[in-house]
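Each chain gets a letter, A, B and so on, in the order its sequence line appears, and its residues count up from 1.
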Protein chains: 2
Amino acid sequence: MEEHRHVTIYDIAERLNLATSTISRALKDHHSISDKTIKKVKQTAKEMGFVPNTLAAGLRGNKSRTIGILIPTITQPFLSSLISGIEITAQKSDYTVIIMQSHDSYEMEVDLAKSLYSNRVSGVICSLAMETKDTSHFHQFSNNNIPLVFVDRVPRDYDTFRVVINNYLAGYKATKHLIEQGCKRIAHLTAGSEFGTLYNERKRGYMDALAEHDLAIEDDLIVVLKHMTYEEGVKACNQLFDLKTPPDGLFAPGDILAVSAVQTAKKRGVKVPEELAVIGFNDDPISEIIEPNISTITHPAEKMGKAAAELIIKNLKSVKEEDAKEITFLNTQVVVRESSKRI
Amino acid sequence: MEEHRHVTIYDIAERLNLATSTISRALKDHHSISDKTIKKVKQTAKEMGFVPNTLAAGLRGNKSRTIGILIPTITQPFLSSLISGIEITAQKSDYTVIIMQSHDSYEMEVDLAKSLYSNRVSGVICSLAMETKDTSHFHQFSNNNIPLVFVDRVPRDYDTFRVVINNYLAGYKATKHLIEQGCKRIAHLTAGSEFGTLYNERKRGYMDALAEHDLAIEDDLIVVLKHMTYEEGVKACNQLFDLKTPPDGLFAPGDILAVSAVQTAKKRGVKVPEELAVIGFNDDPISEIIEPNISTITHPAEKMGKAAAELIIKNLKSVKEEDAKEITFLNTQVVVRESSKRI
DNA sequence: TATTTTAGCACAACCGATTGCAAGAGGCAA
DNA sequence: TTGCCTCTTGCAATCGGTTGTGCTAAAATA
């Protein structure tokens, strides 16, 4: 196997008897280089198989045209769509995407943040780990003018960009939908309050919707889960069905949970939606396929990814314009399907 | 906002009155540096908030401790699990993962390959785009001793690492299972022959299983799809159901297709599995949730990702040992669920 | 005590692209 | 012919670690 060494601008310079600076400029159509030279250089570069070394360019400019993504896991449909949106947008502007999974561990998140910094990423998009309470490991970005965008699972108090949906409103809308379908005892699954604002907001929406319609908020009907998994969903649902007066509606803040509810109900002979109306969250592909189809709240993952990436890229161009670190709210919609349709 | 400049080994060297070489070596426990110095350097580095610049290191050594992933899309469950496996393994060895989506376009794949090379990735893991026939854009890696591993959708004739399942055997097993359930007219969906070996192998297995059991291979029962999507699956199934003598079994080389079959059957009043036994492929989450549950063939995505990443990392250590570019076959299993259970 | 060995550290080149500044060539007006 | 300006191109420093080689002083050996 022959050993090519990488072709550099030095090689091109030598071949054409020009300075490397000229090559460098010619390759990016710098105005101070004559068209003749530009054409010649590009031609030769192609002939010689020149591929620029982004490491060198990055080192010199101390920026790498790289967007770092730090998320709990990529296998969740929401997150993989998010990444996809980021990657598509990044690609258009010639940015590269690097991905790291925290697996919801605070410790890993801290390590990986350092690793991203070490890679001199141009910007960071992050959805926080479940465990994370302290966010000081992100200061290294803020302090060094590296744009930082939190998505979906965002910290409550951090002055930076945030791309989210209005979880409160979404929770409210979901619950209201169930109420409109005639539900009187609506259950809700949620995460411990220590896990950031996301689930709390949805819960607030849930509670406000109940209150607004003069429905009692019963502690029995609110089940706190440790993890938002199918298994815990099943457990929670069984617990709910075992109540003296079981719920007639359920707002699950995730489609996997909604699926677990639908299936548990089926197993126990509880009819959906007649005896239990269910609405999920996220509009995962699965919600459209299971029977009955699950009503849900859209969660525009890819759009959020695109928005986040655009924020970074835009912000990199117009350096620190000190525009307030805005919060981008994307819209959600109630998708009514069979699992909640009573009327 | 205060502007920190990045702390470098020069800063540490100055502070401690040592040479940068000493700092560099001390930070990686080089044997020629005294323990005292090492301790002192590490201590100071931490105090000053030093974070190594991987770009600089990469430039010098012409390797970036980065694994490039080039796949059609990350939103498919199989592929996102694959990435997850790669990322987990990479993280353990302190490698970074960069991701690019070809969206099944040959042109993009060529571009992105160049981009990966431009980033001086240490290794590449790729699952080919549907469109790709010519693979010469990967020569740049092979020619420069950059380990290249193809996964799942691999080229037929490229001397490099490949991590795959035995698609022939899997197709055979799937079909045989249907035969054992009493199916006599087994249909099969497949992709055009120009799309690499993957679907062809499954089809070969299908055909051999039929032949072995003295079942006729009928062209009518083999539907060639342009894309392996839900919509095309529905179309294909309708076409099959419209036959004078419709099939009584279906081997779909993907769970999404199997889902489309099950749902189309339901819509048309065809009973699954009684009138049509269905088996899918991949063991996507969805196959366990839809009703009836779909029998399927496991496709160990995460394991394949890990195997691929390990191949790269291992190969990077023991430089070009010229061990034949092995093919790693991972096992698959038939998972029998309701959609095909007749006996 | 003289000499060899070794531990510990410094020097400086290097990786490859970028960019501010300098300078040479050619054109044009005075 | 001289001077000035514009257009092109070259020089050289720079980004921040890495590493082969060389030097010095202390430790080990004769």
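Within the structure, a side-chain polar atom (N or O) of A/Ser34 is placed less than 4.0 Å from OP1 or OP2 of D/dT9. Between C/dA17 and A/Ser24, no contact under 4.0 Å exists linking OP1 or OP2 to a side-chain N or O. In terms of phosphate contacts, B/Ser21 brings no side-chain nitrogen or oxygen within less than 4.0 Å of OP1 or OP2 of C/dC11.
B/Lys28 places its NZ atom 17 Å from the C1' atom of C/dC9, with the value rounded to the nearest Å. Put simply, NE2 on A/His30 is 12 Å from C1' on D/dT9, counting in whole angstrom units. Summarising the geometry, the separation between CZ on A/Arg25 and P on D/dC11 is reported as 12 Å, rounded to the nearest angstrom. Atom NE2 in A/His6 sits about 10 Å away from atom P in C/dA17, given to the nearest Å.
More than 12 heavy atoms of other residues, nucleotides or ligands lie within 6.0 Å of CD in A/Glu47, so this atom counts as buried by the packing criterion. Atom NZ of B/Lys42 has more than 12 heavy atoms from other residues, nucleotides or ligands within 6.0 Å.
Remark: the A/Arg60 side chain and the C/dG20 base include no donor-acceptor N/O pair separated by less than 3.5 Å.
No donor-acceptor contact under 3.5 angstrom links the side chains of B/Thr89 and B/Tyr95, judged on distance only.
Two residues, B/Val7 and A/Ser32, neighbour DNA chain D, and the one matched to the more 5' nucleotide by heavy-atom proximity is A/Ser32. Summary of the strand contacts: B/Ala56 and B/Asp35 both lie near DNA chain C, and taking for each the nucleotide with the nearest heavy atom, the more 5' one is attributed to B/Asp35.
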Open item on the list: Before you tell me yes or no, could you show the steps for B/Val124 and B/Ile67 under side-chain contact (heavy atoms from CB on, under 4.5 Å), namely the whole-Å CA-CA distance, both residues' side-chain angles and the distance that decides it to 0.1 Å?
Closed with: CA-CA 6 Å; B/Val124 173; B/Ile67 296 178; over 6 Å; no
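Looking at heavy-atom distances under 4.0 Å, B/Thr54 makes no contact with the nucleic acid at all.
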